[in-house]
Structure formats: structure tokens, C-alpha cells
There are 4 protein chains.
Amino acid sequence: MPVEQLRSQQRHQRILDAATQVFSTKGYHAALVDEIAAEADTSKGGVYFHFPNKQAIFLALLDRLADILRERVESAVAVHGDPLARAEAALHVVLETFGSHRRLARLFLVEALGAGPEFNARMVAIRADFADLIRVHLDEAVATGAIPPLDTATAATAWFGAVNEVVTHWALARSPGRLEDAYPTIRGLLLHGLYAS
Amino acid sequence: MPVEQLRSQQRHQRILDAATQVFSTKGYHAALVDEIAAEADTSKGGVYFHFPNKQAIFLALLDRLADILRERVESAVAVHGDPLARAEAALHVVLETFGSHRRLARLFLVEALGAGPEFNARMVAIRADFADLIRVHLDEAVATGAIPPLDTATAATAWFGAVNEVVTHWALARSPGRLEDAYPTIRGLLLHGLYAS
Amino acid sequence: MPVEQLRSQQRHQRILDAATQVFSTKGYHAALVDEIAAEADTSKGGVYFHFPNKQAIFLALLDRLADILRERVESAVAVHGDPLARAEAALHVVLETFGSHRRLARLFLVEALGAGPEFNARMVAIRADFADLIRVHLDEAVATGAIPPLDTATAATAWFGAVNEVVTHWALARSPGRLEDAYPTIRGLLLHGLYAS
Amino acid sequence: MPVEQLRSQQRHQRILDAATQVFSTKGYHAALVDEIAAEADTSKGGVYFHFPNKQAIFLALLDRLADILRERVESAVAVHGDPLARAEAALHVVLETFGSHRRLARLFLVEALGAGPEFNARMVAIRADFADLIRVHLDEAVATGAIPPLDTATAATAWFGAVNEVVTHWALARSPGRLEDAYPTIRGLLLHGLYAS
DNA sequence: GATGAATGAGCATTCATTCAT
DNA sequence: AATGAATGAATGCTCATTCAT
């Protein structure tokens, strides 16, 4: 009976969407399951039918977002041959994605920390995954001699952090500008350091 | 009665130290005032005599830490004449300070974000302050022509973020290495980008 | 449509069997309708098609068990002419039945009491019925002069209780022996008291 | 500061008294912690300050009652030299105590069962303790030759059960008579069996 | 100043029951 | 008849905060 399964999956998604909304507005702890239920046009019991507990909802959210981001990065990277261009593309996609989903950015970069030690392990893993997405290209760039040898793991982490901080700043700003405007500066900085142009 | 005032200030400090310990271990929400009291060898009432509420303890902690960090940065910066060297020194001090106080790093970079929307404004301000500490030197460097013109605000934020992410990664790692080891890579990256000779 | 009726009755029985299993393992309150449904290879809705609510399942269970016990007692009693022998036979059958169905014993003697005030009235009635099953024979024994006059109601209750406690003890024991072994002692005690020759 | 300790202990007792009232009226599961708090003129938090959870309150209640009962039995037993008279005295005290505290009887003999498997172990232990209180005297009576050898453990359990059932019957009765009236019958039955007088 | 008993609003979670399909 | 998603009232427990002593 695909009709019922479909309905069920739709509800599942509706709850996740509602959770995104509530978590990113109130933060993990202040978010009430009741609010998520209301936002999803369901009852509290309905939420608990689809998820075992509040934590699982949040985790599912992070995973969903991480998957989306990863996919976007990978397809953006695919069109470039040059390792450095790939790394750049990855950077650009993250900025672009968060730039058009301030809510998600906030959820991912702000609320996910401090939601409790239970989440830290998962967050470390997710963030490390992204840094890795960049590292492989740096490694390749080093291998091809495009850039001098360096500690690519630290470099990738730093790259990712640079982007994150700019995004976080923007995500928490009271009246944020356009995130994309920061791109040229970040790009230049990462590629050439302060001695850009 | 200076003796009693002294006693009171000592108690104040003892509570903050206890709070540092508890908050950085359990996270803001999971930390109980009871635990802080116990760790400070006081009673719950004692804690509430010195601080109006839990939030205030956390905020006082952040402020104390920010002050210490700022002071260190400023005195480290003072010994350098060259703007770029000053920026570098600031960076190095942050890395060094957190590197020798993993607990503080975790508190400042992980728990403080996501502790709840109440704290976000303050954290944004604090982080912006630090970025600013770097920005002024970059501005000066631009003014003296040491480096080409660029969006120094974004650049400073990115710098700060790059350092933060590396520190955060280290602060959350299960078996962290020496944070200082990351310094040369970060330094090269920030100054010269990937093409660091 | 006798085929369908049969199917329905089988399902009814299957649910009762499943309920016996679950109730006696978890106790009335901790037993979930979901578990009963799963154990009966049905759905929750299926259970509610056959029974109006959880309480009714439990009550039906008690009644079924009481009926079985009553029947056994009555047929065992029928083969004896002597009133005292009848009383004895009743006692023996109860011991024997529970002895071979520890689960039922537990259900009947432990969970049924204390399952909640709603059940107390019914349990009192059921237990009184059994005491009565014994009482009538005692009355007859008194009438025929086989034993001296006594408060047969209290005596029958006490008999029943003596048996119950021994069974309960056995039903709750971690590693129970053979219940039948207790029979001679109980028999002697009830007939002759401590001075059983 | 004995004043404060006294106050605390009084509150502790008040909660236990309230719990006795509520548990014996509603049964373990239907009893709300809120009701106990209200009955004890405290708040829910007050209850939880003195007891870690609902279960602990119930267990404390059972233990308190068991202690009282044990003490009474022991002091009643002490005045008799004859082993059989001691056993009789124990029996009488139980009947008398429950007879004047129907509420406790109900709690102890009805609600304690079925409160959940967690309690069964404790209840078995408590009931076994009481049976043992009787058994030791029976053993002595056997040793002195006052009564013929018999399985004293089973006999003591049966004695205890006989008394329990009569008490339970009375505790659950809608309009109970005087429990003490049952004493002569039970006494005669236990000592001489049906061939009493 | 310090203590710790008391407060009570707050919330996640459970689960019997219903009902559209 | 059967299914299982959905409901929502119910409740144990937490914990920041207060305040009498």
C-alpha cells in the first residue's frame, strides 16, 4: 500500500520541517516537543510515533542537512578538474547553501553545539567529514605540485572554520547582509593569504 | 571590613572556578547549580548569594575569560611594532592560551554557542571583539601598504574562525594532540594562503 | 458462517493466551496492549476488536481461569462421598492445577490482587467462591457430625488462604521446588492442626 | 541543630502517613505523587526532596510497617515461655494489628502485590520473614516434643497464609465486621485442625 | 553570610483508545 | 475483520529559585 507509506513519509518530513523551524528559533533546549507537534499539525503522540525522542529528531535533522550539503558539494566539485578549483567550489557551495537557508545555518553551526555532550561526538564527526571533503582536494593539489606541501588536515579544518565563522557571524547578526558578498574576500584569503591580489 | 570583603571575593572566585569545571564538563544545561555549589564547597544558597542566577554565573565566566584573553592579546601585541606581526601575535596568544586550558576552550567555543538564544547576543559581541582586535592591525597594515586593500572585517572574522575551528576540533577530540603543533600551518595559511612558500 | 465464527473464536483464545503470557510476566500495569497484540500475532486494533479494553481482557482471563479451576474442583469432588474427603480433594486439585501452571498461579494470586481497586471486587467474589466451594463440604461434615461445629466460613477462608500462601510463595520463588511436595503437610495441618499424629 | 533535623523528620513521617492514606485508597499505580504531596501539606518537590521516587516511598512504607509488626510480634512473644503459646501470640498480634489498621492491612496484603515485579522480591522477603517468626517457635515445639515432627517451613507459611486470607477478605469487604471475631476459629483450626474441640 | 528545605512551573514521555482505510 | 497511524490526557520527575532560620 504505497498510499499509506507515502502519507507516513510525508508526515515524517513535515515533522522534520517543523523541527527545523522550532529548533532554529528557540534553540534545542527551549524547543518543546509540543511546539514541534503543533507546527507539524500533529499531536505530540504523532511526533513520538515517528521518532523515539526529542534527541532523535534533532539528530535526524542534522543528518538530513549534512547529507544535502554533502551532495551539493560533491556535485559542485564534480564539474571541476583542477584540485584547487574543486576545493574552491566546495567552499562556495557551503557558503551559498547556508546563505540561502539562514535557519539551517543557525541550526547547524550554533544550536548543534551546546545541545549537550551527547551531540558533540556527532557534530565533530560531521564537521570532520566536511573538512575531509576539502582535504582530499588539497592532498591532490599537493600531489600534483600545484601547491607546496603542508598539513592538509589542519589547513582543511582551518578553511572550514573560516567559512563557518563568517557564516555564524551572519547567522546570528540582527540585520544580516548578503552572505555571498563575503565570498571574494574569503576566497582570496584562503588562496593567497593576506597578500592576495 | 577588608577581611570580610576578601573572603567574599575569594568565595566569588571559588564559585567561578567550580562553574568553569562543571559547565565545561556537562555543558550549560546539564550543569546543575547544586553541582557548582558542591564543587565550590558551598551550598546552593551560597551560590545565589553571590550570583543572581545560573545565567549570570555563566556570563560572568565568559566575561572573565574574555578579559583574560584580551589582556594577554594586548600585552603580546604591544611588543611588536609591525602591524602584521601584531596580528600574528594575537593569533598565537589565542592558540597558546586555549592550548593550555582545554576546558576553557571547550567552554568558550562550544558550550557558549548554543547555550540558548539568551547568550547568543553576548557571544556575538565577544567574538566580534576578538575579530576586531585583529581587524585594527589589518587595517593598519593596509594603511601602511604592507598588504593590499581587502575587507578587513571579513578577513579578521575568517582568521578568528579558522583558529576557532582548529581549537574546537582539538577541544572536542577524544585524544587531542598538542594544539601548538597546528600553529605553523595556520600561520602560513593566513599570511600566504595555500601558496605559502 | 461457522467458518468465520470459528476463526474469530480462535483469535479470541489466542489473545487470551497471549495476555496470560504477558500479564503474568510483566504484571497488569506494565503489560502493554501492544505486547499482547504482538504475542497474539495481531495488531492493536485486532485486540480491540475482540475486547472493549485492557481491563476486560484481564477480567476475561480471570474468569476463564476461575471456570477451569471450578470445573476441575467439582469433578474431583464428585468422586468422593465423604464430605471431608471432598474438601480435601478440592484442596488437592487447586494445588495440583497451580502446581502445573506456575504462570497462572502468579496471575491469579499475585497480579490479580493489587491490579487496582477496579479488580478488587471481582477478586473478592472469585476467592469467596472458592472458599465457598470448600465451605459447603465443611458444613455438610458438621451436619453429619464428622467434625465438631465451627465457623465454617472463616475456616474455609483460612484453608484457602493457607493454600494460597504456599502457592504464592512458590509462584514468586526464584527457584521453586515441586509444589506437590507441600501437600502432605498442608493436608495434615488442615485436618488435624499441629497435633497431626 | 536538632530543631531542623526534627522538622525534617516530622516532614518525612508526614509524607509517609500521607502515602499510606493515598496508596491504600487508590492503589499503588493510581496514587499520584501530587496527591501524596497535597495530603502531606507539601509540594511535589517537597516529596522528592525526602524520597528519590514514588517506588521508594512505597518501599519505605512497607518497611516501616514490617518493622512495627515485627517489634510487636517479638514483644508479644517474649512474655510466653511455651513455644506453641509463642506461635499463637505471634498470630494474635498480626490479627490484632491489622484489625485496628484496616488501611495498613490493605496496603500490605493487597496493594503490595501487583505493584509491579520490582516489589515482588521485597514482598516475598518480608512475608518469608514473618513466616519465619512463626517457624522458629514451631521448630522449638517440635524439638521439645510438644508437637510431632513436620515440615515447619510449609506449616508456618500456611499459618501465615491462613491469617492473611482472613485479613485480606476482611480488608476488602464492603462492610467488614470485627476481625478479632475470627480469632477463635483460626486458633482452633491451626492448633487442632478441623477436629478442634 | 550561609544553609538547605521547600516550592512549583515545566516537560518529556507513555500508552490506552479511536478510527479512517 | 484487521491494520496501524494518530490522539491527547495523564504523570513522574527535574531543577532554578526562594526564604525562614
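Atom set for the values below is all heavy atoms of this structure, side chains included, hydrogens, waters and symmetry mates excluded. Here is the naming used below: chain letters follow the sequence lines, and residue numbers restart at 1 for every chain.
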Pairing donors with acceptors under 3.5 angstrom, does anything connect the side chains of B:R122 and B:Q55?
no

So, with a heavy-atom separation below 4.0 Å from DNA chain F, the residues of residues 54-65 of chain B are B:K54

Expected list for residues 12-34 of chain C near DNA chain E, using heavy atoms below 4.0 Å, is C:A31, C:L32, C:V33

Which of residues 37-47 of chain A have a heavy atom under 4.0 Å from DNA chain E?
A:K44

Nearest heavy-atom pair of A:A66 and A:I126: which atoms, and what distance?
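Residues A:A66 and A:I126, closest heavy atoms: CB-CG2, 4.0 Å.
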
If you compare all heavy atoms of C:V47 against all heavy atoms of C:I15, which two are closest, and at what distance to 0.1 Å?
CA-CD1, 4.0 Å

Would you mind reporting whether [Y] and [X] have side-chain heavy atoms less than 4.5 Å apart?
{"X": "B:K44", "Y": "B:I36", "value": "no"}
{"X": "A:T168", "Y": "B:R127", "value": "no"}
{"X": "C:T20", "Y": "C:R64", "value": "yes"}
{"X": "D:R102", "Y": "D:S24", "value": "no"}
{"X": "D:F58", "Y": "D:L107", "value": "yes"}
{"X": "B:T25", "Y": "B:R106", "value": "no"}

When the nearest nucleotide of DNA chain E is assigned to B:H50 and to D:F49 on a heavy-atom basis, which residue is associated with the more 5' position?
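So the residue in question is B:H50.
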
Charged N-O contact under 4.0 Å between D:R103 and D:D17
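No salt bridge links D:R103 with D:D17.
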
Does the cation-pi check pass for B:K54 over B:Y48, that is, NZ or CZ under 6.0 Å from the six-membered ring centre and within 45° of its axis?
no

To the nearest angstrom, how far is B:F51 atom CZ from F:dA16 atom C1'?
16 Å

Let me know which of A:E39, A:E35, A:E111 forms a salt bridge (charged side-chain N to carboxylate O under 4.0 Å, His left out) with A:K26.
A:E35

Using the six-membered ring wherever Trp is involved, compare the ring planes of B:F23 and B:Y28 and label them parallel, tilted or perpendicular (cut-offs 30° and 60°).
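B:F23 vs B:Y28 ring planes: parallel.
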
Could you list the residues that satisfy side-chain contact (heavy atoms from CB on, under 4.5 Å) with B:A60, not counting sequence neighbours?
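For B:A60, the residues satisfying side-chain contact (heavy atoms from CB on, under 4.5 Å) (neighbours in sequence not counted) are B:L16, B:F51.
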
What's the verdict on side chain to side chain donor-acceptor pair (under 3.5 Å) for D:Q9 and D:R14, showing C-alpha distance, side-chain angles and the deciding distance?
CA-CA 8 Å; D:Q9 284 185 358; D:R14 193 145 31 113; over 6 Å; no

Pairing annotation in dot-bracket form, given for DNA chain E with Watson-Crick or G-U pairs under 3.5 Å and | for cross-strand partners:
.||||||||||||||||||||

Expressed in whole Å, how much space separates the C1' atoms belonging to E:dG1 and F:dT21?
13 Å

Contact span of DNA chain E against chain C, any nucleotide atom under 4.0 Å from a heavy atom, 5' to 3', runs E:dC15 to E:dT18

